[in-house]
Amino acid sequence: MRVELENSTIDSLSQSAKSDGELILIVDDTPANLDLLTRTLEPRGYRILAAPTSQIALSVAARAKPDLVLLDVMLPDGDGYETCRSLQADPALRETPVLFISARCETGSMVEAFRAGGIDYITKPIDPDEVLIRVETHLRASRLARQLRQKNVELTIAVEQLRAEMSLRQKAETALKAADDQLSTISAQDAQRWGIDTFIGNSKTINKIVHDVRRMQNFNTVNVLITGESGTGKELVARAIHFGSARSKGPFVPVNCVAIPSELAESMFFGHTRGAFTGAAMDRKGYFELAHGGTLFLDEIGDMPAALQAKLLRVLEDGRVTPLGSSKERQVDVRIVAATNADFQSQIELRLFRQDLYFRLAQFPVHLPPLRQRTEDIPLIARHFLRLFATEMSIATPEIDAAAIKLLLQHPFPGNVRELKNVIERALIESGGQPVQSHHIYLGNAMPIRSAAATPAPEDSSVATDLPLNLEAAENLLIKRALAETAGNIAEAARRLGINRTRIYRKLGEQGSFSLTSPQNP
């Protein structure tokens, strides 16, 4: 049934548009033409709206969003060309096909109609069969065009999702390759540097830890959970357990659980087969298989995603892993040493960590106290690091005076042993290889600590912002600036400068007494 629209009936369009069938808007002020077109199209299931003027037609089209428009050229309030241009200017109607119907059959009128945006031109008198064929043809083409646009949108979304997935998988490949690169035996120099052979300290606490580590070296199938604040040496203990056990010939695979994206965790821990997912160009072993015959060190285990905790528990129970894309299980022989600075009791109560997994990991717990709770070990640790860094710098190990030791004992060391290590490394640089005194000690905010009787530093530690034109002087200045900004941490200074730290050691030695002075511009 045709709906003829006047201004008073435009508001009823939303109800009419809910019917089934494609909607055709006829814009013509001649009732006979409207009747003929309606009788031709309605039996085919089309819904018909009729508008006698350009103004009403534009209002109707904006609300009803017709699937096709039959538009007369001559209208009471204007011509159909301008009406077509207005329809085309509406983004929601830009793809709606407009067919002109007119008694004007001259070429100029047809050209103007196509220029205005029409896709067809039907001349009067109206031939019902011709109108029906052309309407059906253009509606079919319009449907196909909409479907094509929708498919293009879906394809674009799928491509973006594919790119995101490939990016994630590439990150996984990079992470797994990095894990491969970590599988190397520790050298004698590394053992000395990190104290793997001998823990430094005489306190009851450190003696108990040494005793526990030795016990775990003999029981190489028992999982160990190491707890303690950041910087207390959890990885040091893990390495000591591994390299002092029968598993020392096997790999030691350290994994930072915080750094693993949850969507890649399963692939990284259990591996995958070629073609298991987009971007999986080859078979890849996961951390468990990489650590076969050795130790898997799970650092920051308390931050492991909940979904992965259940899968980890299953591996700990049966010693088998199933790579992504494979239906075959693989047996693995791996000892788990986990570490965390989290409060497991609170996490279990909050259901952030599985209690059954905790018991599997904590077959033997080791707790590392903060340095402030074993201050009696600070002098021994400080002298140990002095000896270590002096050896690397190829100089004699200097003494550290009582005033400097007193300052160290008074400091709370929130960064624990790691912080003390950096403080001693910088103090050796500041002392120039001479006995370390209190004014060589930088604590907290990296400002030098001076006692009342301390001798002022021989030079201002500020660094000029302008680089000298002399290349060697500029290098000296940049190295000193980097050391100042990193509180004397040579490893971090080398990283920021993009050079090897041995180059810094060499430069310090070349300057005499291991002191880099601020160079003057030539």
Side-chain angles (χ1 to χ4, degrees), residues 191-216 224-241 299 339-343 365-391 397-431 434-454 486-492:
Q192 180 191 13
R193 177 174 178 81
W194 298 109
I196 288 175
D197 291 337
T198 305
F199 286 91
I200 307 302
N202 285 327
S203 64
K204 292 182 178 180
T205 302
I206 200 65
N207 287 331
K208 183 181 184 306
I209 292 173
V210 171
H211 176 68
D212 290 342
V213 168
R214 287 174 178 167
R215 289 168 63 190
M216 287 303 97
V224 180
L225 178 63
I226 308 168
T227 57
E229 294 181 6
S230 178
T232 52
K234 295 186 290 294
E235 184 169 350
L236 170 65
V237 172
R239 287 183 179 271
I241 291 172
D299 197 12
T340 183
N341 57 14
D343 179 1
V366 176
H367 178 69
L368 301 184
L371 189 56
R372 62 184 174 274
Q373 292 181 8
R374 56 184 186 104
T375 54
E376 62 267 42
D377 290 334
I378 289 178
L380 289 174
I381 298 173
R383 291 188 175 94
H384 165 73
F385 284 132
L386 267 179
R387 182 171 60 255
L388 208 60
F389 296 130
T391 300
T397 303
E399 293 295 325
I400 179 169
D401 69 15
I405 291 292
K406 183 178 179 180
L407 287 175
L408 295 177
L409 292 172
Q410 293 172 346
H411 185 62
F413 283 104
N416 294 295
V417 178
R418 184 184 296 121
E419 180 184 356
L420 175 58
K421 167 182 166 290
N422 291 339
V423 168
I424 295 302
E425 187 173 23
R426 179 168 185 181
L428 180 58
I429 295 171
E430 294 291 336
S431 72
Q434 301 302 311
V436 174
Q437 301 178 38
S438 58
H439 63 271
H440 298 137
I441 303 296
Y442 285 66
L443 297 170
N445 61 359
M447 294 300 291
I449 305 298
R450 302 181 187 278
S451 64
T486 59
N489 187 332
I490 289 182
E492 176 63 15

As an exercise, state the distance from CD of Glu425 to CG of Leu386, rounded to the nearest 0.5 Å.
10.5 Å
Taking atom NZ of Lys421 and atom CZ of Phe385, what is their separation to the nearest 0.5 Å?
6.5 Å
Roughly how far, to the nearest 0.5 Å, is CG of Asp299 from OG1 of Thr340?
8.5 Å
Return the set of residues passing side chain to side chain contact (heavy atoms under 4.5 Å, CB included) with Pro365 (not counting sequence neighbours), or none when no residue passes.
none
We want to know whether His411 and Glu419 form a side-chain donor-acceptor pair, criterion being a heavy-atom distance below 3.5 angstrom.
yes
If you compare all heavy atoms of Ala427 against all heavy atoms of Ile441, which two are closest, and at what distance to 0.1 Å?
CB-CD1, 3.9 Å
To the nearest 0.5 angstrom, please state how far the CG atom of Asn341 sits from the CD1 atom of Ile226.
12.5 Å
Can you find a heavy atom in the side chain of Pro412 that is under 4.5 Å from one in the side chain of Leu371?
no
Identify every side-chain donor-acceptor pair in residues 400-410 under 3.5 Å, counting partners at least two apart or on other chains, and give the distances.
from: Asp401; atom 1: OD1; to: Ala403; atom 2: N; distance (Å): 3.3
from: Asp401; atom 1: OD1; to: Ala404; atom 2: N; distance (Å): 2.8

Could you walk me through whether Val224 and Val366 pass the side-chain contact (heavy atoms from CB on, under 4.5 Å) test, one step at a time?
CA-CA 7 Å; Val224 180; Val366 176; 4.0 Å; yes
Residue set satisfying salt bridge (charged side-chain N to carboxylate O under 4.0 Å, His left out) with Glu376, at least two apart, ordered chain then number -> none
Looking at every non-hydrogen atom in both residues, tell me the closest pair between Val436 and Ser431 and how far apart they are.
CG2-OG, 4.0 Å
Closest non-hydrogen contact found for Leu225 with Ala339 is CD1-N, 4.4 Å
With Asn207, which residues qualify under side chain to side chain contact (heavy atoms under 4.5 Å, CB included), at least two apart?
none
What residues form a side chain to side chain donor-acceptor pair (under 3.5 Å) with Thr227, not counting sequence neighbours?
His367
Does Gln373 CD have over 12 foreign heavy atoms under 6.0 Å away?
yes
Under the side chain to side chain donor-acceptor pair (under 3.5 Å) definition, can you give me all pairs with a residue in residues 228-238, not counting sequence neighbours?
Glu229-Arg372, Glu229-Asn416, Ser230-Arg418, Glu235-Arg239
Quick one: list whatever passes salt bridge (charged side-chain N to carboxylate O under 4.0 Å, His left out) with Lys208, sequence neighbours left out.
Asp212
Please round to the nearest 0.5 Å and tell me the distance separating atom CD1 of Ile241 and atom CZ of Arg214.
13.0 Å
How long is the span from the CZ atom in Phe413 to the CG atom in Leu420, to the nearest 0.5 Å?
4.5 Å
Taking only residues two or more places apart in sequence or in another chain, which ones pass salt bridge (charged side-chain N to carboxylate O under 4.0 Å, His left out) with Arg374?
Asp377
